[in-house]
Amino acid sequence: MAIYEKFVGASRDDFISLKDARTNYTLTYNDDFNFAYDVVDNLGKNKPEKLAMIWVSKTGEEKFFTFEDMMLSSNKAANYLNYMGIKKGDKVLLAMKRSYYFWFVILALHKIGAVAVQATNMLKAKDYVYRCNAGKIKAVILTGDADETSYFDEGEGQYETVEKKFVLGHKDAGEGWIDFEAGFEMASTEWQRPTGKAAIKADDMMLMAFSSGTSGYPKIITHNFKYPLGHIMTGVFWHRVVDGGVHFTISDTGWLKSLWGKLYGQWMGESAVLVYDFDKFDGADILSKMEKYKITTFCVPPTMYRMLLQNDVKKYDLSSLTHCCTAGEALNPEIFNKWYDATGLKIYEGFGQTETCLCLATIKPWTEPVPGAIGLPVPGFDVHILTDDNQEAQRGATGEICIRVLSQKRKSCGLLDTYNFSKEDTQRAMYNGYYHTGDTAYRDELGMFRYVGRNDDVIKSSGYRIGPFEIESVLVEHDAVHEVAVTGVPDPVRGFAVKATIVLSEGYEGTPELTKELQNYVKANTAPYKYPRIVEYVKELPKTFNGKIRRSEIRENDSKNAN
């Protein structure tokens, strides 16, 4: 029996249809469920030699870790952190990039009952100060391969709760930094599951995340110890990981996406994960790694598929690859068809947030992928499209993606607990029996959800509601367009006019002739009323730390220029 079956009570192949899965898919777990003990340690004891991770450095150094290695190494990390004062409920910020120590540490925090707080290593002083003070961070663990410790120390004197500063690669770290690796090496591999007052419950806080958003300070989102169970659907069913295979999701540990694709669901399905600690994405390099390490399942955003397809994919031996997924933005048919032609594999889309696990997807073999459609509600999540007056939207009408919540105790595993530790802030998103995602979509003629955009990003022009994704996905098919962001600009007649802010591909120049060509291209490939009446060419688009386009900044700049 695969380990995930202990919680699902069935194999994924036991469900004959999506309807069957929605009806019969249930999760069974104890009130002290803990992924580190009940999954990793279970595998470490019963299948000690089974491969859990292949880690590859940017210089080609390799390390192979079994589930026994993960069990013992997380025990060492738990002992050391506990010795250094980290207790149940303490919040520890982790900016560890793709270091294999991240897996040791996050499992150790789960074993202690402390709260893991992921962060990108691209933060600057003000970002560290905000996160540490807003989140009441007790300790930080940073990678030391760049200027992370220097940036953190620029905020010295402003941290209200930080007591310990740990660093990987202690050389030149600066005053007050503790060599984590040295302490880890001296720690014992023996660790006992806490009992009594230190015992950990499934409803206890396990993760805290700072949602990047599109404006203002990031929101604090918390998840409990049931969160990994929600990712059985992500890894086992959607990614369709292979027992004994190797899954590859491209994300560093600064984002919860790494938990989607590099930890919980994959290990529930007893697949190893590939962790490649590269500095810059290079399509040929990634394809060579997929060939060398015989990747079986794969998930990257559509933009990265596009970058992979700039190479001759067919010259790489990807015969081990069995399944491909994508999320994060709309997948246009061009990428879907070219990847299928190169590999013989379809790309299955999905949708979720920092606040959720996977909640919409096309899942093999129940649903066939349709390029641009983010799929149907997955088992475990009751998802609807609601109008502004909280009614079910009609087929084809745009509304907000909302998740049914029967009660705080009966919500889906993987759905957030709180916003900003605030009952009021949480109720602004969770009311009238639904969690309101803030994302909009409509159902097409097949009943599939089609993403439109964030509520704030939807353009209301001449009575139409226009989503930026649908125009962007057309424009990026044109050879001249490298990147694009579509926004609305106030217009006295239309309410808002559609604007495209474009980064051109190399060799193209932003001329009036090209503008007309791009406008006609949109008219020819989607409803003509959606074409961008305004086109601006820029060298780069404003983005959040995790690469999301900040359309709000474009709108703000347009508003300033108009005044």
Side-chain angles (χ1 to χ4, degrees), residues 12 15-23 25 233-234 237-240 260 299-303 305 323-340 345-353 356-387 391-404 412 414 434-455 457-458 464-474 476-477 525-527 530:
R12 67 184 173 196
F15 300 104
I16 60 173
S17 66
L18 180 58
K19 181 179 180 181
D20 177 29
R22 282 184 185 151
T23 302
Y25 179 86
M233 188 55 60
T234 308
F237 287 80
W238 180 50
H239 287 161
R240 206 163 179 81
W260 281 54
C299 184
V300 292
T303 297
Y305 277 110
H323 195 67
C324 299
C325 294
T326 195
E329 57 192 80
L331 175 69
N332 66 56
E334 178 195 30
I335 295 173
F336 181 94
N337 292 328
K338 284 184 175 180
W339 187 257
Y340 182 70
L345 295 171
K346 299 175 181 179
I347 302 173
Y348 288 74
E349 291 187 64
F351 168 83
Q353 301 179 309
T356 73
C357 295
L358 180 78
C359 51
L360 292 165
T362 50
I363 297 179
K364 185 179 180 178
W366 305 329
T367 47
E368 277 294 306
V370 179
I374 54 178
L376 296 167
V378 305
F381 280 89
D382 185 9
V383 189
H384 299 260
I385 298 177
L386 300 183
T387 60
Q391 300 300 307
E392 196 84 26
Q394 293 183 351
R395 186 72 60 91
T398 297
E400 185 177 18
I401 301 171
C402 296
I403 299 170
R404 184 78 166 135
S412 303
Y434 290 91
Y435 162 63
H436 293 252
T437 66
D439 286 297
T440 58
Y442 66 91
R443 282 184 182 265
D444 63 16
E445 63 277 6
L446 299 174
M448 293 278 218
F449 282 61
R450 296 237 174 205
Y451 188 74
V452 173
R454 292 293 295 171
N455 265 332
D457 291 335
V458 174
Y464 296 108
R465 289 169 62 88
I466 302 170
F469 266 32
E470 49 195 342
I471 307 171
E472 291 166 1
S473 65
V474 170
V476 295
E477 293 177 358
N525 288 280
T526 188
K530 299 176 184 177

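Note that these values count all heavy atoms, side chains included, but never hydrogens, waters or copies made by symmetry.
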To the nearest 0.5 Å, what is the distance between [atom1] on [X] and [atom2] on [Y]?
X: I363; Y: H323; atom1: CD1; atom2: NE2; answer: 8.5 Å
X: I403; Y: E400; atom1: CD1; atom2: CD; answer: 10.5 Å
X: Y442; Y: Q394; atom1: OH; atom2: CD; answer: 15.5 Å

Test item: [X] side-chain N/O and [Y] main-chain N/O as donor-acceptor pair under 3.5 Å:
X: N337; Y: Y340; value: no
X: T437; Y: I401; value: yes
X: W238; Y: E349; value: yes

Where [X] and [Y] come nearest, the two heavy atoms and their spacing:
X: P333; Y: P371; answer: CA-CB, 3.8 Å
X: S412; Y: G380; answer: OG-O, 2.6 Å
X: F15; Y: A21; answer: CD2-CA, 3.6 Å
X: V452; Y: P468; answer: O-CD, 3.4 Å
X: Y305; Y: V300; answer: CE1-O, 3.3 Å
X: Q353; Y: D439; answer: NE2-OD2, 2.7 Å

Do [X] and [Y] come close enough that some side-chain heavy atom pair is under 4.5 Å?
X: Y25; Y: M233; answer: yes
X: L358; Y: H239; answer: no
X: R22; Y: P377; answer: yes
X: C299; Y: W260; answer: no
X: T356; Y: Y435; answer: yes
X: L376; Y: M448; answer: yes
X: L331; Y: S473; answer: no
X: R240; Y: C325; answer: no

**Request:** For atom CD of E392, decide whether the heavy atoms of other residues, nucleotides or ligands shown that lie under 6.0 angstrom number more than 12.
**Result:** yes
**Message:** Could you walk me through whether V370 and R450 satisfy the side chain to side chain contact (heavy atoms under 4.5 Å, CB included) test, starting with their C-alpha distance in whole Å, then the side-chain angles of each, then the deciding distance to 0.1 Å, before giving a yes or no?
**Reply:** CA-CA 10 Å; V370 179; R450 296 237 174 205; 3.2 Å; yes
**Message:** Below 30° counts as parallel, above 60° as perpendicular, anything between as tilted: where do the rings of F351 and Y451 land?
**Reply:** tilted
**Request:** Report the relative orientation of the aromatic rings in Y434 and H436; use parallel for angles under 30°, tilted for 30 to 60°, perpendicular for over 60°.
**Result:** perpendicular
**Request:** Can you tell me which residue pairs pass the side chain to side chain donor-acceptor pair (under 3.5 Å) test with a partner in residues 360-369, sequence neighbours excluded?
**Result:** K346-E368
**Message:** Once side chain to side chain contact (heavy atoms under 4.5 Å, CB included) is applied, do any residues pair with N525, and if so which ones, sequence neighbours excluded?
**Reply:** V474, Y521
